[in-house]
There are 2 protein chains.
Amino acid sequence: MTNEKLLSDFKDVLKKEGLKVTPQRIAVLEEIIKDKGHRESEDIYMAIKSRKTHVSRATVYRTLDILVQNGFARKLNLGDGRARYETKIDSPHHDHIICNECGKIIEFVNDEIEKMQEEIAKQHHFKLQQHIHQLFGLCKECQ
Amino acid sequence: MTNEKLLSDFKDVLKKEGLKVTPQRIAVLEEIIKDKGHRESEDIYMAIKSRKTHVSRATVYRTLDILVQNGFARKLNLGDGRARYETKIDSPHHDHIICNECGKIIEFVNDEIEKMQEEIAKQHHFKLQQHIHQLFGLCKECQ
DNA sequence: TTATAAATGAGAATGATACTCAATTATAAA
DNA sequence: TTTATAATTGAGTATCATTCTCATTTATAA
Ligand SMILES: [Mn+2]
Ligand SMILES: [Mn+2]
Ligand SMILES: [Zn+2]
Ligand SMILES: [Zn+2]
């Protein structure tokens with residue numbers, strides 16, 4: 001998806017929800033699509049500030065929520081007390097392998113596991129809604 | 001394992017580590033083995049207080065750490081900001097299914113998935129150390 | 001322009017958990 | 001049993017990410 005299309009989609013969503021298009025909101029969207037990584041709110045806040053747009057932490061959090069709520073971003077909990085956000089645009093579902101030493105994050109997908117999860121849920125009469133699957137260990141460099 | 005054996009093992013560990021056997025530490029161990037659930041620190045703190053032993057939150061946290069460090073308990077992060085603790089005694093590895101509505105927690109094991117995780121780690125040149133696998137959805141009663 | 005509802009940001013609040021340190025206590029030596 | 005002492009405890013404070021508050025600013029549409 002082109003950045004122009006994305007921006008226009010975002011504006012449409014804001015309009016549809018009765019929200020205003022502000023430079024702060026645009027800046028957060030731009031940060032999320034610019035860097036494909038798994039970023040902390042603080043990083044995004046700093047990146048925006050270090051450029052031109054005046055923004056507050058509160059607004060970054062609020063905008064990230066909007067992005068997550070509307071399918072532009074995904075929020076991850078890696079268990080270290082700080083949420084990470086990654087773009088969801090052109091990014092199908094995947095899970096993560098995290099290095100306990102250097103924090104490197106690698107993405108993986110395994111259709112077999114995805115299928116099995118559904119079966120396990122069914123066995124226990126659960127209607128599956130989401131899942132968290134994270135592998136932790138030492139990356140090649142950190143072993 | 002009998003509770004007597006457990007208690008004696010715990011005392012041995014404390015001795016081995018140069019730690020003292022205190023009524024507070026014993027009380028936390030007793031709580032962890034009494035209730036097989038997935039409990040918050042606050043629950044354990046309240047349960048101990050409501051009995052006889054005087055204890056503080058700080059000591060409950062400190063003792064839970066000792067228990068986790070020494071293989072008596074397992075600490076889980078369910079993504080809601082409060083850690084859960086469960087006994088690890090006579091309790092082999094398993095993962096969890098959590099109801100998004102009522103919070104019910106069901107345990108599951110799947111050897112296929114366990115094996116695949118190892119393979120995925122290997123493919124990415126990771127040495128696997130732990131993993132988190134949590135399925136979230138609606139339980140039978142909450143659908 | 002103007003009216004106004006929504007957004008922003010500075011700073012305060014929150015909540016789980018960790019830390020501090022003076023008072024207490026378990027332990028082992030005498 | 002007494003004593004010496006290092007470890008433990010607990011009340012309260014600190015921390016840290018995130019959320020909330022509310023006075024001021026701004027985007028939007030008439
Ligand atoms: Mn990812
Ligand atoms: Mn369990
Ligand atoms: Zn690494
Ligand atoms: Zn339920």
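Letters A, B, ... are given to chains in the order of the sequence lines, protein chains preceding strands, and every chain is numbered from 1. Quick note: numbers below take in every heavy atom, side chains included, and nothing from hydrogens, waters or symmetry partners.
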In whole Å, what is the span from the CD atom of A:Glu40 to the P atom of D:dA17? 8 Å
Among side-chain atoms of B:His131 and B:Gln117, is any donor-acceptor pair under 3.5 angstrom? yes
Taking the nucleotide of DNA chain C with the nearest heavy atom to each, does B:Ser41 or B:Val21 sit closer to the 5' end? B:Ser41
Taking 4.0 Å as the cut-off, does a side-chain nitrogen or oxygen of A:Gln24 come that near to OP1 or OP2 on D:dT26? no
May I ask you to list the residues of residues 57-68 of chain A, by number, that have any heavy atom positioned under 4.0 Å from an atom of DNA chain D? A:Ala58, A:Tyr61, A:Arg62
Do A:Arg82 and A:Ser41 have a side chain donor and acceptor closer than 3.5 Å? no
Once you round it to whole Å, what is the distance between C1' of D:dT24 and NZ of A:Lys20? 13 Å
Rounded to whole angstroms, how far apart are CD1 on A:Ile26 and P on D:dT26? 17 Å
Could you tell me how far apart B:Lys15 (NZ) and C:dT27 (P) are, to the nearest whole angstrom? 7 Å
Between P on C:dA16 and CG on B:Leu78, what's the gap in Å once rounded to a whole number? 15 Å
A:His133 and B:Gln134 side chains, donor-acceptor separation under 3.5 Å: no
Let me check something: any side-chain donor-acceptor pairs from residues 97-109 of chain B under 3.5 Å, sequence neighbours excluded? List them with distances.
unit_1, atom_1, unit_2, atom_2, d
B:Asn100, ND2, A:Gln129, OE1, 2.5
B:Asn100, ND2, A:Gln130, OE1, 2.6
B:Lys104, NZ, B:Glu141, OE1, 2.7
B:Glu107, OE2, B:His38, NE2, 2.9
B:Glu107, OE2, B:His94, NE2, 3.1

Check: B:Gln143/A:His125 side-chain N/O donor and acceptor closer than 3.5 Å: no
Calculate the interatomic distance between A:Glu42 atom CD and D:dT19 atom P; express it in whole Å. 14 Å
In whole Å, what is the span from the OH atom of A:Tyr45 to the P atom of C:dT8? 14 Å
Look at atom NZ of B:Lys127 and say whether more than 12 heavy atoms of other residues, nucleotides or ligands are closer to it than 6.0 Å. no
When you measure from the side-chain N and O atoms of B:His54 to the phosphate of D:dA11, is any distance below 4.0 Å, counting only OP1 and OP2? yes
Without decimals, in angstroms, what is the distance between B:Leu19 CG and C:dT27 P? 11 Å
Phosphate contact (C:dA6 OP1 or OP2) by A:Thr22 side-chain N/O below 4.0 Å: no
Base-pairing mate for D:dA30 - Watson-Crick or G-U, with both contacts under 3.5 Å: C:dT1
Would you find a donor on one side and an acceptor on the other, under 3.5 Å apart, between the side chain of B:Thr63 and the backbone of B:Val60? no
